[in-house]
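Just so we're on the same page: letters track the sequence lines, and every chain starts at 1.
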Amino acid sequence: MRACRAGFSGFPRQGGPERTVDTMDIFADFSARVRATIERLGWKAADGSALDLSRVVVEPPRDAAHGDLAVNAAMVLAKPMGQNPRQLAIQLMGELAADPDIAETEVAGPGFLNLRLAPGYWAGFLAGVVRAGDQFGRGVSGKGKVNVEYVSANPTGPMHVGHCRGAVVGDALANILAFAGHDVTKEYYINDAGAQVDVLARSAHLRYLEALGRDIGEIPEGLYPGDYLKPVGAALAAEFGTAFEGKPEAEWLATVRQKAIDAMMAMIREDLAALNVVHDVFFSEKSLQTGPEGDRVARAIDTLTAAGLMYEGRLEPPKGQLPEDWEDREQTLFRSTQFGDDVDRPLKKSDGSYTYFASDIAYHLDKYLRGFANQIDIWGADHGGYVKRMQAAVRAISGSKAALDVKLCQLVKLFRAGEPVKMSKRSGSFVTLRDVVEEVGVDAVRFMMLFRKSDAPLDFDFQKVTEQSKDNPVFYVQYAHARVHSVMKQAAEQLPGLDLSDAGLAAADLTLLNDAGELGLLKRIAQWPRVVEGAAESHEPHRIAFFLHDLASDLHAHWNRGKDLPQLRFVNVDDPLSSHARLAMVKAVASVLASGLAVLGVGAPKEMR
RNA sequence: GGCCCCGUAGCUCAGGGGAUAGAGCGACAGCCUUCUAAGCUGUUGGUCGCAGGUUCGAUUCCUGCCGGGGUCGCCA
């Protein structure tokens, strides 16, 4: 928390002094006031020791009838203080009632202290939001480095829809963390070292022969059949002529493999760009062994050995179906059970090469050495069994100084007008990421992928997400943003005398906002900073999407109240002062919608077409 | 069998130690001389899978069970 927060005494009142842009989190503001009040009251535990205030929270009450803020302090502290919660609440209420920003206080239920804020406070808050613009809700910077690794699809073909969710979730989460004040690096781990890229190379070599005019017949089982390798074959033929024809694999594999990987990564980057996903770092798995720094996998294993975490031993055969080629042998094992894994893990295959896990340990060690004690990986749910060992590894290689959080993304099921879309990998008729983006647009794809908890399965209906109706949350939220711009345009025409600049709006008499719908909108807006912080801390980007939907809903609802009650309309020629205040309010709504959508990587259109 | 995720309204899903558990869809009843009806309002609808435990308070946390999905050395 910044030092200047000390002495913070609320938002500027109308005509009051300018205040530096803070997080403008009213809940944090009053939380600080409550804590200060508790200290002033000299509350102590029953045994005279200091109280633990960590569970004291100020939050929006579930029911608007309970006011603007709910304080649980009396209930949480009653036991350690050995006092009656309602009496404590009354004592606290007496102190807080003197705060000019608090209009009403009430003790309710088992010991809640409910607060209603003064109109002047809300007015100052809204003025601050309008002035802050897209900075409102942004967390205080300096929260430290965090690395988000996502997508990391194998460079063996174009991205398909299965990769889509992880890509969007990772990208949005990284944006949220950055907005919340972290120093974020977006990273992609290129799996360019295993057997699969050799298969890719052989597949490309076949296409190379095809480009030379040879009859290659059917693509054999086990190779990649997709047409996307034809241009790679043609490029190889153009560059190398017949040099690789009829030669043993050893003479061409490495070259063809690198060319093919480069081509695949170029394609994947284009796919990602179409999804509005841009990584800061593309990290090559292969470079861990062949890079200028030597064999970093070996060094990672050395690190574990030095920590006494490697030993020679035997593993129990896996339960369930025994692999056919299971051999019981003594091998070098990583003591991952010491960090919560289920069994110890081998880092070398029987042929002496490293396991995928070994490389991954080296990679995560590399991230740690680059200063990332805070690491997040986004994986498909089918990799769930890998989580514990990777977390164990991160703790092991960092001496428990680094932590890894893994977000698992469940499957996306595709539908078209309610009918499942069938996909067959065998026939190559899988739906690519590019197909989806081109059909429904990047905004719809991204928003829908985020409009669900990532660990819950997601149904994605091509038809529904392009529908222009309230059933389509993408449209619904974007429309709310566009609606505000339409209102502002109307206002400029009908009330040309009003200053609609941010400064002008912030200077309006905002205490005129006193309708329940208007106050409801202000309260919703006020939650934006804590929603951002919550989404960032819990690593749950869907919270942003749901919040935006709620905010849009509030706006649409209030807009419609103007039908029955024309005096509530935003633009009211007979009442320019109220109009001015309301325009400030809708401008703040639009501003929050715009920054929320920006964080999700979704466009905020000024008009719907 | 071990581990992980999920189980909340008829359906799709939010919420997550606190007050009377929410939204959308569906169904039913309304609202367009209007700042965009591309929308809104109201009604209907729940034993928060089951059973214990922790707590002043559990739908939320813990344990067990039931049901659904995923996964289980040398694929990545």
(request) Can you run down the side-chain hydrogen bond (donor to acceptor under 3.5 Å, both in side chains) pairs that involve residues 489-499 of chain A, sequence neighbours left out, and say none if there aren't any? (result)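 Non-adjacent pairs meeting side-chain hydrogen bond (donor to acceptor under 3.5 Å, both in side chains): A:Gln490-A:Gln494, A:Asp499-A:Ser501.
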(message) Can you pull out every side-chain hydrogen bond (donor to acceptor under 3.5 Å, both in side chains) where at least one residue sits in residues 580-589 of chain A? Sequence neighbours excluded, please.
(response)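 Passing the test, one end in residues 580-589 of chain A: A:Asp502-A:Lys587, A:Glu518-A:Arg582.
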(request) Counting heavy atoms from C-beta on, name the nucleotide in B:G70, B:A76, B:A19 closest to the side chain of A:Asn191. (result)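 Output: B:A76.
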(request) Take nucleotides 9-16 of chain B nucleotide by nucleotide from the 5' end and write B, S or -, depending on whether a protein heavy atom sits under 4.0 Å from the base, only from the sugar-phosphate, or from neither. (result) ---SSSSS
(request) Could you pick out which residue, A:Met75 or A:Gly385, lies toward the 5' side of RNA chain B when each is mapped onto its nearest nucleotide? (result)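 Result of the comparison: A:Met75.
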(request) For A:Ala381 and for A:Phe570, locate the closest nucleotide of RNA chain B by heavy-atom distance; then report the residue assigned to the nucleotide nearer the 5' terminus. (result)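 Whichever sits nearer the 5' end wins; that is A:Phe570.
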(request) Give me the ring orientation class for A:His163 and A:His160: parallel if the planes are under 30° apart, tilted from 30 to 60°, perpendicular past 60°. (result)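 The arrangement is tilted - the two ring planes meet at 30° to 60°.
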(message) Both atom distances under 3.5 Å, Watson-Crick or G-U wobble: I'd like the secondary structure of RNA chain B as a dot-bracket string, with | for pairs made across strands.
(response) (((((((..((((....[...))))((((((.......))))))....(((((..]....))))))))))))....
(message) I'd like to check the side chain to side chain contact (heavy atoms under 4.5 Å, CB included) partners of A:Thr332; sequence neighbours left out, ordered by chain and number.
(response)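 A:Met310, A:Glu312.
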(request) List in chain and number order the residues that pass side chain to side chain contact (heavy atoms under 4.5 Å, CB included) with A:Asp459, two or more places apart in sequence or in another chain; answer none if no residue qualifies. (result)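 Only A:Lys413, A:Phe415 meet the side chain to side chain contact (heavy atoms under 4.5 Å, CB included) criterion with A:Asp459.
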(message) Stacking between A:His549 and B:A23, defined as ring centres under 5.5 angstrom apart with planes under 30°, is that present or not?
(response)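 Check failed, A:His549 does not stack on base of B:A23.
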(request) Please state whether the base of B:A21 and the side chain of A:Asp63 form at least one donor-acceptor pair under 3.5 Å? (result)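 Answer is no: no donor-acceptor pair is held.
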(request) For nucleotides B:C56 and B:G64, find the distance between their P atoms and express it as a whole number of Å. (result)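 Per the computed distance, 24 Å lies between those P atoms.
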(request) Indicate syn or anti for B:C32, taking the glycosidic torsion and treating anything within 90° of 0 as syn. (result)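 Syn, which is what one calls it when the glycosidic angle falls within 90° of 0.
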(request) Measure from NZ or CZ of A:Arg345 to the centre of the six-membered ring of A:Phe334 and say whether it is under 6.0 Å with the direction within 45° of the ring axis. (result)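 Pair A:Arg345/A:Phe334 does not count as cation-pi.
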